Amino acid sequence: MESLQSPDVALGALLVVASVVDIRERILPDPLAYSIALCSLLSACMAEGIRGMACNLFWGGFAGAVVMLVELTWRRIKGAPGIGGGDIKLLLACMARDPFWGLASFSVGLIALAGAGCALSRRSLLTLPLIPFFTAASIVTALWLGPG
C-alpha cells in the first residue's frame, strides 16, 4: 500500500462491520460490499491516480474471475458450495485498493480459516465465515506492508 488515506480508515471500519454481519448472518449485503469497494477505489485513486486505480481493478477482476471459476468448478464436482459470493466480492473490492494487499489478505484469511477449522473439527470448517478471518488478515498485512 502506497500510503494510508482517510478512506482506508473507513475501509477498515467497514471490514469490521462486514465481519460482524458475516458472523451473524453469513452474508455480505450488496450495499456494504459497494461501500467497501467505494472506499477502496477512492483510496486507490488518491494514492495512485486514475490509471493506478484502473490497473488495480483489472487485477482485482482477474483474480475474482479465477476464484469464481474455481468455485463454480468446485460446486459442479462436489455438489456443494465452497466459498461464498460475498467473499469473492470482498476480494475484488479490496484488490481495488491494492492488488497485493487484497490477495495477501485473502490468502492469509483462507489459511487462518483452514487452521481454525482443523483445530475445531472438520465439520466446523463448513460453517465458519471467511470475512472475519479476511479482516484480521487485512489488518495484519496492512501493518506488515505498512503505508508509504
Side-chain angles (χ1 to χ4, degrees), residues 1 4-5 7-45 47-48 52-147:
M1 299 178 79
L4 190 63
Q5 306 290 333
D8 291 328
V9 176
L11 176 61
L14 288 169
L15 287 173
V16 171
V17 170
S19 296
V20 172
V21 171
D22 196 29
I23 289 169
R24 291 183 180 167
E25 301 179 26
R26 300 295 193 271
I27 191 169
L28 177 63
D30 285 340
L32 184 53
Y34 298 149
S35 299
I36 291 168
L38 180 61
C39 285
S40 292
L41 291 170
L42 285 172
S43 184
C45 194
E48 303 173 40
M53 180 190 70
C55 185
N56 292 355
L57 278 174
F58 170 79
W59 289 113
F62 179 77
V66 169
V67 172
M68 181 59 82
L69 181 63
V70 169
E71 171 59 18
L72 292 174
T73 304
W74 175 270
R75 288 180 189 219
R76 184 173 177 89
I77 292 171
K78 295 291 185 176
I83 191 170
D87 301 323
I88 298 170
K89 288 188 290 190
L90 185 63
L91 170 63
L92 175 58
C94 288
M95 283 187 72
R97 171 56 179 103
D98 182 294
F100 181 73
W101 170 72
L103 195 56
S105 299
F106 189 75
S107 300
V108 171
L110 281 174
I111 291 167
L113 174 68
C118 290
L120 296 172
S121 76
R122 188 170 184 195
R123 287 184 164 213
S124 67
L125 187 58
L126 299 174
T127 61
L128 290 173
L130 174 60
I131 295 176
F133 292 96
F134 183 98
T135 299
S138 70
I139 292 167
V140 169
T141 54
L143 292 173
W144 173 58
L145 295 173

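All values below were derived from every heavy atom in this structure, side-chain atoms included, with hydrogens, water molecules and symmetry-related copies excluded. Note that the structure is predicted; figures quoted are calculated from it, not measured.
- Taking Ala18 as the reference, Leu28, Leu32, Ile36, Ile131 meet the side chain to side chain contact (heavy atoms under 4.5 Å, CB included) condition, with sequence neighbours excluded.
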Validation: residues 75-83 side-chain donor-acceptor distances under 3.5 Å, sequence neighbours left out:
{"from": "Arg75", "atom 1": "NE", "to": "Glu71", "atom 2": "OE2", "distance (Å)": "2.3"}
{"from": "Arg75", "atom 1": "NH2", "to": "Glu71", "atom 2": "OE2", "distance (Å)": "3.1"}
{"from": "Arg75", "atom 1": "NH2", "to": "Ile83", "atom 2": "O", "distance (Å)": "3.4"}

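- For Leu72, the side chain to side chain contact (heavy atoms under 4.5 Å, CB included) partners two or more places apart in sequence, or in a different chain, are Met68.
- Separating the SG atom in Cys94 from the CG atom in Leu103 is a distance of 11.5 Å, to the nearest 0.5 Å.
- Counting only residues at least two apart or on different chains, no salt bridge (Lys or Arg N to Asp or Glu O under 4.0 Å) pair has a member in residues 106-119.
- Under the rule for a ring-ring contact (aromatic ring centres under 6.0 Å, His included), Tyr34 has no partner lying at least two apart in sequence or in another chain.
- Partners of Ser40 under the side-chain hydrogen bond (donor to acceptor under 3.5 Å, both in side chains) rule, at least two apart in sequence or in another chain, do not exist in this structure.
- Annotation: the span from Leu92 atom CG to Phe106 atom CZ amounts to 11.0 Å, rounded to 0.5 Å.
- Of the possible polar contacts, one joining the Asn56 side chain to the Arg97 backbone as a donor-acceptor pair under 3.5 Å is found.
- In this view, Asp22 satisfies the side-chain hydrogen bond (donor to acceptor under 3.5 Å, both in side chains) rule with no residue, not counting sequence neighbours.
- The nearest pair of heavy atoms linking Gly64 to Ile88 is O-CG2, 3.8 Å.
- Under the 3.5 Å distance criterion, the side-chain polar atoms of Ser43 are left unmatched by any main-chain donor or acceptor of Cys39.
- Side-chain atoms of Phe133 and Ile111, non-hydrogen and from C-beta on, never get closer than 4.5 Å to each other.
- Judged as a side chain to side chain contact (heavy atoms under 4.5 Å, CB included), and not counting sequence neighbours, the contacts of Phe100 are Asp98, Trp144, Leu145.
- Side-chain contact between Leu90 and Leu15 is present, with heavy atoms from C-beta onward closer than 4.5 Å.
- Every residue two or more places apart in sequence or in another chain that forms a side chain to side chain contact (heavy atoms under 4.5 Å, CB included) with Leu38 is listed here: Leu42.
- Every residue two or more places apart in sequence or in another chain that forms a side-chain hydrogen bond (donor to acceptor under 3.5 Å, both in side chains) with Ser19 is listed here: Thr135.
- In this structure the side chain of Leu128 reaches within 4.5 angstrom of the side chain of Leu120, judged on heavy atoms.
- For residues 61-84, the set of pairs meeting the ring pair (Phe, Tyr, Trp, His ring centres under 6.0 Å) definition, not counting sequence neighbours, comprises Trp59-Phe62.
- Evaluation of the side-chain hydrogen bond (donor to acceptor under 3.5 Å, both in side chains) test over residues 84-95, restricted to residues two or more places apart or in two chains, returns Asp30-Lys89.
- Of all the heavy atoms in Met95 and Gly60, the pair that sits closest is CB-CA, 3.7 Å.
- Nearest heavy atom pair, residue Ser105 against residue Ala137, reads O-CB, 3.4 Å.
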